[in-house]
Amino acid sequence: MFVRMLKLPVEVRERYDLSSMQVAIHAAAPCPVATKEQMIDWWGNVIFEYYAASEGIGVTFIDSATWMEHKGSVGQAMLGEMHVVDDDG
């Protein structure tokens, strides 16, 4: 959806007052760095992202300001202990 919104003409994007927007939750799929940068530039530091597995094995969370300091990160573990492995386990 971010990509689709970013394809709107600039005059359409600038038509709306976003000053009251406080939170936008992003999840469910990886977001390319350039796309997320553009969305934060447009909406401000209101985007919060979580990353989780449907199996309930863990959740990470990151806000816009922290993400800008660590671009591409999915944040800190909020539930569970993260353990990353390769194809060989």
Side-chain angles (χ1 to χ4, degrees):
M1 295 310 293
F2 285 169
V3 171
R4 188 171 181 173
M5 289 185 285
L6 289 167
K7 288 182 179 180
L8 291 168
V10 173
E11 59 273 7
V12 172
R13 285 191 271 148
E14 291 178 350
R15 187 180 311 160
Y16 301 96
D17 178 5
L18 303 176
S19 63
S20 65
M21 184 164 41
Q22 297 178 14
V23 173
I25 305 296
H26 165 62
C31 185
V33 170
T35 301
K36 192 156 182 188
E37 285 174 329
Q38 291 174 63
M39 289 303 299
I40 292 170
D41 286 345
W42 179 16
W43 287 1
N45 285 339
V46 299
I47 301 172
F48 294 82
E49 179 177 2
Y50 72 90
Y51 184 80
S54 58
E55 296 84 2
I57 58 174
V59 176
T60 65
F61 182 82
I62 194 164
D63 61 30
S64 293
T66 305
W67 185 89
M68 290 297 286
E69 295 173 6
H70 305 281
K71 294 178 182 183
S73 176
V74 294
Q76 298 288 323
M78 302 302 283
L79 173 66
E81 182 176 327
M82 296 298 121
H83 181 76
V84 178
V85 298
D86 63 14
D87 291 339
D88 297 324

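Positions are given from 1 along the sequence.
- Here salt bridge (charged side-chain N to carboxylate O under 4.0 Å, His left out) pairs that include residues 13-24, with residues two or more places apart or in two chains, number zero.
- As a member of the Ile/Leu/Val/Met/Phe/Trp/Tyr network built from side-chain separations under 4.5 Å, V85 groups with nothing else and remains a singleton.
- Among pairs with a residue in residues 61-82, those fulfilling ring pair (Phe, Tyr, Trp, His ring centres under 6.0 Å) read F48-F61, at least two apart in sequence or across chains.
- Within the structure, ring pair (Phe, Tyr, Trp, His ring centres under 6.0 Å) pairs that include any residue of residues 4-36 comprise F2-H26 (at least two apart or interchain).
- Counting only residues at least two apart or in different chains, salt bridge (charged side-chain N to carboxylate O under 4.0 Å, His left out) contacts with residues 2-11 are absent.
- Annotation: side chain to side chain donor-acceptor pair (under 3.5 Å) contacts of T66 (sequence neighbours excluded): D63.
- Cluster membership for L79 and I62, using ILVMFWY side-chain heavy atoms within less than 4.5 angstrom, is not shared.
- For S20, the side chain to side chain donor-acceptor pair (under 3.5 Å) test picks out no residue, with sequence neighbours left out.
- Applying the under-4.5 Å side-chain rule to Ile, Leu, Val, Met, Phe, Trp and Tyr, the cluster around V74 extends to Y51.
- Hydrophobic clustering (ILVMFWY, side-chain heavy atoms < 4.5 Å, transitive): V46 and M1 are in one cluster.
- Summarising the geometry of S64 relative to G44, their closest heavy-atom pair is OG-O, 4.1 Å, with the distance given to 0.1 Å.
- For the side chain to side chain donor-acceptor pair (under 3.5 Å) test, no residue two or more places apart in sequence or in another chain qualifies with D86.
- Under the 4.5 Å side-chain contact rule for hydrophobic residues, L8 and V3 do not share a cluster.
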Which side-chain N or O atoms in residues 27-42 pair as donor and acceptor under 3.5 Å with protein atoms at least two apart or in another chain?
residue, atom, partner, partner atom, Å
K36, NZ, E49, OE1, 2.3
E37, OE2, K71, NZ, 2.6
Q38, NE2, A34, O, 3.2

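- To the nearest 0.5 Å, atoms CE (M78) and OG1 (T60) are separated by 9.5 Å.
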